[in-house]
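What follows is one structure encoded as structure tokens, with my remarks underneath.
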Amino acid sequence: GGIITQTPKFLIGQEGQKLTLKCQQNFNHDTMYWYRQDSGKGLRLIYYSITENDLQKGDLSEGYDASREKKSSFSLTVTSAQKNEMAVFLCASTRDNYEQYFGPGTRLTVL
Amino acid sequence: AQSVTQPDARVTVSEGASLQLRCKYSYFGTPYLFWYVQYPRQGLQLLLKYYPGDPVVQGVNGFEAEFSKSNSSFHLRKASVHWSDWAVYFCAVSLASSGSWQLIFGSGTQLTVMP
């Protein structure tokens, strides 16, 4: 078994601030993902990475940067937080490129 | 374009009653389909998955789903709902893209269980 850890659990920022979310997995999975979840909506893909130092943009990449420093970690940066923005950011990883395993999420609030 | 539609944003059932959550997909080719569950303030957990083969797949906690190519559907069922099933359920289809696979999610169905 394995686990995905996301830090922080709660993130409160100011408008225009740069904010970084971190994800760690000990599954030894190659591919990792960042999703955004808004209330009442499904998950939308922001970035994914198929190996260390690889980055692929998803449908929602504008306003975000990502970094895959090593196989086990994948970071997401909100480049300029938008006022009244509220969402949950979910990290996931996969071994076989089909079934994805998810972390508990980071809840973002922008004041 | 590939997509997943969950037509029911909210479903309410009584504890012990049967359940069906609907999922329709649009996909060119043979899809790989998934149902995930999200309990309050948690990440998503896999309930079951369909890889081409037997159209009825069994999952955890008594859930099952049936794939229908003719109806482009992958509905989730449970014979007797328990209060602990109160959660949001997401249907997803796996899509090949740029050397990897992505999941395309439906908007989710909030299941409420009445005592």
Side-chain angles (χ1 to χ4, degrees), chain A residues 1-7 9-10 21 23-25 27 29-52 54-61 68 74 86-107, chain B residues 1-11 21 23-27 29-53 57 59-60 87-111:
Chain A
I3 191 169
I4 295 179
T5 304
Q6 292 187 240
T7 55
K9 287 187 179 179
F10 300 94
L21 294 70
C23 176
Q24 297 266 351
Q25 54 98 358
F27 288 103
H29 288 167
D30 288 318
T31 305
M32 297 184 72
Y33 304 82
W34 275 107
Y35 293 93
R36 176 181 167 124
Q37 183 180 21
D38 293 279
S39 179
K41 297 183 180 179
L43 279 67
R44 291 180 289 174
L45 183 64
I46 306 172
Y47 267 97
Y48 68 102
S49 167
I50 63 175
T51 190
E52 184 178 336
D54 174 76
L55 292 175
Q56 306 284 342
K57 292 183 178 181
D59 293 336
L60 205 64
S61 62
R68 184 87 181 270
F74 193 28
M86 283 185 65
V88 176
F89 291 84
L90 293 169
C91 176
S93 70
T94 184
R95 167 182 59 83
D96 58 9
N97 288 328
Y98 296 127
E99 178 180 342
Q100 294 184 18
Y101 296 81
F102 285 82
T106 292
R107 291 184 174 274
Chain B
Q2 289 82 354
S3 64
V4 175
T5 301
Q6 294 180 247
D8 304 308
R10 296 180 179 277
V11 169
L21 302 181
C23 173
K24 300 274 284 185
Y25 67 88
S26 172
Y27 188 85
T30 302
Y32 295 77
L33 294 158
F34 304 82
W35 276 100
Y36 283 86
V37 60
Q38 185 177 34
Y39 299 106
R41 298 191 176 274
Q42 294 186 28
L44 276 66
Q45 300 173 32
L46 183 69
L47 268 183
L48 50 79
K49 57 192 176 189
Y50 168 78
Y51 295 169
V57 291
V60 298
V88 181
Y89 293 79
F90 291 96
C91 182
V93 64
S94 190
L95 169 68
S97 176
S98 301
S100 184
W101 292 78
Q102 298 179 28
L103 286 178
I104 307 298
F105 286 87
S107 54
T109 298
Q110 169 70 61
L111 174 65

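So you know, we letter chains A, B, ... as the sequences are listed, proteins then strands, and number each from 1.
Each of B:R41, B:Q45, B:K49, B:Q42 has some count of heavy-atom pairs under 4.5 Å with chain A, and the biggest count is that of B:R41. Put simply, of B:G43, B:G108, B:S107, B:G106, the one with the most heavy-atom pairs under 4.5 Å next to chain A is B:S107.
With a 4.5 Å cut-off on non-hydrogen atoms, B:Q38 touches chain A through its side chain but not through its backbone. Heavy atoms of A:L43 lying under 4.5 Å from chain B belong to its backbone as well as its side chain. Residue A:R44: no heavy atom, backbone or side chain, is found under 4.5 Å from chain B. Only the side chain of A:Q37 comes within less than 4.5 Å of a heavy atom of chain B; its backbone N, CA, C and O stay farther away. For chain A, no part of B:R10 is nearby; none of its heavy atoms comes within less than 4.5 Å.
Contact check for B:L103 versus A:Y35: side-chain heavy atoms found under the 4.5 Å cut-off.
Other residues, nucleotides and ligands contribute more than 12 heavy atoms inside 6.0 Å of the CG atom of A:D38.
Between the B:Y36 side chain and the A:Q100 main chain, a donor and an acceptor come within less than 3.5 Å of each other.
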